[in-house]
Each structure stands twice: as C-alpha cells, then as structure tokens.
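Reading through the structure tokens given below for one structure.
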Amino acid sequence: MRISAVKQASSDIVEITTAAGSVFFIRLAFLSEVKAEEIIPGADFLDEKEMEILDAGLAFAAECKAEEYLARCEHCRRGLEKKLLQKGHSKTAVNQALDYLENRGLLDDLRFCGVWLRNHVLFKPQGRTRLFKELVSRGIKTGDAKTALDDFFSSGDELLYCRRAYLKALKAGKEGEKLFKYLIDCGFSYKMVKEVQNEE
C-alpha cells in the first residue's frame with residue numbers, strides 16, 4: 001500500500017488516501033508496529049505493517065459506529081459487541097474499539113447496570129435474585145452485577161418492590177399459590193414474600 005496523501009483530522013486521527021484512491025481514517029492509538037511519523041505521503045507499507053494500518057481503519061470504523069449507539073443510550077459491552085458484529089465489523093476490530101471506549105470511560109458496564117436497573121423496575125418490580133440473572137444474561141460479569149445491585153438497593157428498599165409486585169399480581173387476578181409462585185419467580189425471597197403477604 002502506497003500512501004499518496006495524509007491529513008490530520010485530530011491529534012490522534014488521520015485521514016489516509018492511498019495511491020489506489022481509497023480514503024479511510026485511522027486512530028493512531030490502534031497502531032503498535034507502525035509509528036505515526038512513518039505515515040507520510042509516498043510511504044510504502046507491505047505485509048504486517050500494511051495489515052496493521054488497514055486493521056486500524058477497521059477498528060476506527062467500529063469505534064465510530066459504537067459511539068453512534070452510545071450517543072442514543074447506555075449499552076453494556078456484550079450488547080454493543082453483538083450489534084457491531086451484526087453490522088459486519090470483525091471481532092478483532094470490535095474488541096479494539098470497545099477496549100478503547102472502555103479506557104476512555106465512554107463504555108462502562110457498571111453505569112449501564114445502574115441505568116438498566118432504574119428503568120427496568122419501573123415497569124417490572126423484581127427482586128435481587130431475578131435482577132441478578134437478568135444482568136448476567138446480558139453479559140455483565142457476576143462481580144459487576146453484584147456491585148450494581150448493592151448500589152441500587154442501597155437507595156431503594158427491595159421490600160418496596162416486592163409490595164409493588166404483589167399489588168400488580170393481585171390486579172392481574174393472581175391469588176393463593178399462583179400469587180406466591182409469581183413473587184418467587186420475580187426474584188423475591190421466601191421470607192420477603194411471606195412478610196408482604198402477612199402485611200395484607
């Protein structure tokens with residue numbers, strides 16, 4: 001690959017035009033073997049160095065798409081990875097892009113958990129056990145899921161959510177064993193469910 005033109009787009013991003021006429025952007029942080037000062041008009045890159053520059057371009061494209069998704073709402077790493085792979089980005093490019101975004105604090109699984117929990121329980125009051133399973137099923141690490149739940153329930157009483165789930169189930173016509181099973185399935189402990197039932 002011969003470079004015919006280079007334009008600095010920002011301190012860490014350059015636009016490269018090749019002699020073949022293709023134009024693409026790379027983030028210099030995605031390079032390890034190729035040095036920034038080597039990327040100049042007239043430079044020729046072969047084999048590993050050429051591949052590294054092309055891979056940096058693919059990683060930057062994945063990063064831009066990821067930032068587009070993140071601008072709309074919070075995402076967890078696994079969810080964002082899945083979306084990018086479905087869009088045709090390579091696994092290597094996606095991992096490189098997401099590592100970069102995590103290091104900059106733009107992608108954060110704990111922050112995602114906090115947002116997801118607050119939004120989720122508005123419509124589906126559930127207990128710690130069920131919420132933990134839901135987070136882990138979204139690719140959240142168990143340690144992060146536990147931390148997020150501890151933070152969440154430090155400002156919100158789980159018993160309150162159990163009462164809400166109980167009232168919601170009553171309105172839906174559940175009673176007796178069906179009501180009890182529903183609350184257990186919602187992730188509330190046996191003791192908590194009994195406490196709420198005894199209140200009534």
Side-chain angles (χ1 to χ4, degrees), residues 9-13 24-32 51-158 160-162 164-165 168-169 172 181-189 192:
S10 74
S11 60
D12 192 38
I13 299 168
F24 59 95
F25 290 86
I26 66 165
R27 181 175 293 287
L28 297 173
F30 293 146
L31 300 174
S32 57
M51 283 309 302
E52 184 175 76
I53 291 171
L54 294 173
D55 287 344
L58 294 173
F60 183 68
E63 177 200 332
C64 291
K65 192 65 184 173
E67 285 183 341
E68 188 182 307
Y69 286 128
L70 288 167
R72 294 181 202 152
C73 65
E74 284 288 350
H75 284 75
C76 63
R77 182 177 177 122
R78 191 170 105 186
L80 199 51
E81 178 185 44
K82 188 176 175 184
K83 282 186 176 184
L84 293 171
L85 291 172
Q86 285 172 344
K87 286 289 180 185
H89 295 278
S90 75
K91 180 92 169 154
T92 303
V94 168
N95 283 333
Q96 213 171 355
L98 298 185
D99 286 347
Y100 178 79
L101 292 171
E102 276 184 336
N103 290 334
R104 288 184 60 211
L106 296 173
L107 176 62
D108 185 316
D109 276 2
L110 273 176
R111 189 173 62 228
F112 164 81
C113 289
V115 172
W116 185 87
L117 286 166
R118 285 190 299 277
N119 292 335
H120 185 75
V121 297
L122 285 175
F123 306 103
K124 286 187 176 180
Q126 292 177 328
R128 181 182 291 264
T129 307
R130 178 66 183 269
L131 293 170
F132 176 78
K133 287 178 184 172
E134 294 277 354
L135 288 172
V136 170
S137 75
R138 283 164 173 73
I140 304 299
K141 294 176 185 162
T142 57
D144 285 346
K146 286 176 184 172
T147 300
L149 286 163
D150 288 343
D151 289 347
F152 179 72
F153 283 117
S154 69
S155 60
D157 186 0
E158 190 176 359
L160 265 170
Y161 295 111
C162 189
R164 278 182 48 209
K168 186 178 174 183
K181 184 181 182 316
Y182 171 78
L183 293 172
I184 294 295
D185 289 346
C186 282
F188 300 106
S189 69
M192 195 176 291

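This one's a predicted model, so the numbers in the text were calculated from it and none came from an experiment.
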To the nearest 0.5 Å, what is the distance between [atom1] on [X] and [atom2] on [Y]?
X      : Y      : atom1 : atom2 : answer
Leu28  : Ser11  : CG    : OG    : 8.5 Å
Ile140 : Lys146 : CD1   : NZ    : 14.5 Å
Ile13  : Phe25  : CD1   : CZ    : 8.5 Å
Thr147 : Leu110 : OG1   : CG    : 6.0 Å
Phe30  : Asp99  : CZ    : CG    : 9.0 Å
Lys168 : Leu183 : NZ    : CG    : 11.5 Å

For [X] against [Y], the heavy-atom pair lying closest together:
X      : Y      : result
Ser90  : Leu85  : C-CD2, 4.0 Å
Leu84  : Ala62  : CD2-O, 3.8 Å
Phe60  : Ile26  : CB-CA, 4.3 Å
Ala165 : Phe188 : CB-CE1, 3.7 Å
Tyr161 : Gln126 : CB-O, 4.1 Å
Cys76  : Asp109 : CA-OD1, 3.3 Å

Quick one: are [X] and [Y] in side-chain contact, heavy atoms under 4.5 Å?
X      : Y      : answer
Val121 : Phe152 : yes
Phe112 : Leu70  : no
Asp144 : Leu135 : no

Not counting sequence neighbours, which residues clear side-chain contact (heavy atoms from CB on, under 4.5 Å) with [X]? List them please.
X      : value
Asn95  : Arg77, Glu81, Lys91
Leu160 : Asp157, Arg163
Thr142 : Phe132, Val136
Leu58  : Asp55, Ala93

[X]: side-chain hydrogen bond (donor to acceptor under 3.5 Å, both in side chains) partners, not counting sequence neighbours:
X      : value
Lys141 : none
Lys87  : none
Asp12  : Arg27

Can you name the salt bridge (charged side-chain N to carboxylate O under 4.0 Å, His left out) partners of [X], sequence neighbours left out?
X      : value
Arg118 : none
Asp185 : Lys181
Glu74  : Arg111

Report task. Give every residue pair that meets the ring-ring contact (aromatic ring centres under 6.0 Å, His included) criterion with at least one member in residues 77-98, sequence neighbours excluded. Result -> none

Query raised in the report: What residue pairs, at least two apart or across chains, pass salt bridge (Lys or Arg N to Asp or Glu O under 4.0 Å) with a residue in residues 119-136?
Result: Arg128-Asp150, Arg130-Glu134, Glu134-Arg138

